[in-house]
Amino acid sequence: MIAPAGILRAVRYRAIFFDAGETIVHPQPSFPELFAQVVEHEGHPVEPGAVVEASRVVLERFSEAADDRELWTTSPERSKRFWVSVYERMLDVLALPGGVALADRLYATFTDRSNYALFDDVRPALDRLSGNGVVIGLVSNFEAWLEDLLADLGVRDAFGVRVISGIEGIEKPDSRIYELALERAGVAADESVFVGDNPKFDVIPPAELGMFTVLVDRRNRHVDHVGARIVDLAELPALLEAE
Ligand SMILES: [Mg+2]
């Protein structure tokens with residue numbers, strides 16, 4: 001049964017929390033493509049496929065930062081140190097010359113809010129899921145400027161609860177960040193859903209707390225994922241209605 005457009009049939013969940021990066025927002029046209037544009041502009045032609053491959057460094061560094069509790073989002077200095085380490089490792093993988101100037105150029109590009117967009121499936125999903133007293137929230141490992149980016153993109157107020165690591169000083173997968181979101185929403189873990197693209201941050205910890213988790217696997221990187229998995233947020237309302 002398909003519910004009428006715009007109306008979410010009764011679901012047992014009282015809150016739905018979303019990750020931000022690569023779940024809601026993305027660099028335009030994409031992280032690897034924007035990276036390649038900057039590097040090429042600086043005089044270093046690269047193969048698009050090689051940049052996609054090298055961009056696995058981002059996930060490696062996210063994982064290392066979590067293991068080492070780097071708290072990379074919590075100040076501009078920490079953010080820059082983290083991202084410059086990502087770019088330098090990617091340039092190394094691509095056998096391109098490193099250097100402060102190129103890493104600085106990349107950092108400036110990826111911290112320019114005008115280089116980001118919402119995925120096309122975000123607004124329709126938010127419209128569909130809002131109402132019925134369901135709290136829509138956001139929990140993100142992101143610098144404090146995510147607030148301004150969400151405002152630029154016209155969706156800040158669509159997220160009634162926002163827990164951004166750069167503002168709160170806590171990063172996923174620290175259980176306190178999910179607990180803070182639950183507390184602000186006034187819901188219990190088993191009444192809530194967590195939706196995101198990174199299993200280590202968006203699935204395992206919230207599931208351990210008792211939240212229902214949905215992996216957003218836009219590039220089919222986790223086809224063997226055990227648990228709810230979607231490739232497009234358009235699938236989310238029906239998935240939650242069926243739960
Ligand atoms: Mg993400």
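For ligands, and for the atoms within them, numbers begin at 1 and follow the listed sequence. Throughout, numbering of the chain's residues begins at 1 and tracks the sequence.
- At least one N/O/S atom of Asp19, whether from backbone or side chain, sits less than 2.8 Å from the Mg ion (ligand 1).
- For Tyr116 and His26, the gap between ring centers reaches or exceeds 6.0 Å.
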Taking it one step at a time, do Thr73 and Asn141 satisfy side-chain hydrogen bond (donor to acceptor under 3.5 Å, both in side chains)? CA-CA 7 Å; Thr73 61; Asn141 280 3; 5.9 Å; no
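- No other N/O/S atom of Asp197 lies as close to the Mg ion (ligand 1) as OD1 does.
- Between Phe194 and Phe212, the ring center distance fails the sub-6.0 Å criterion.
- Among the backbone and side-chain atoms of Gly21, an N, O or S atom lies under 2.8 Å from the Mg ion (ligand 1).
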Just do the side-chain hydrogen bond (donor to acceptor under 3.5 Å, both in side chains) check on Glu77 and Trp72 with the steps written out, would you? CA-CA 9 Å; Glu77 296 74 24; Trp72 61 270; over 6 Å; no
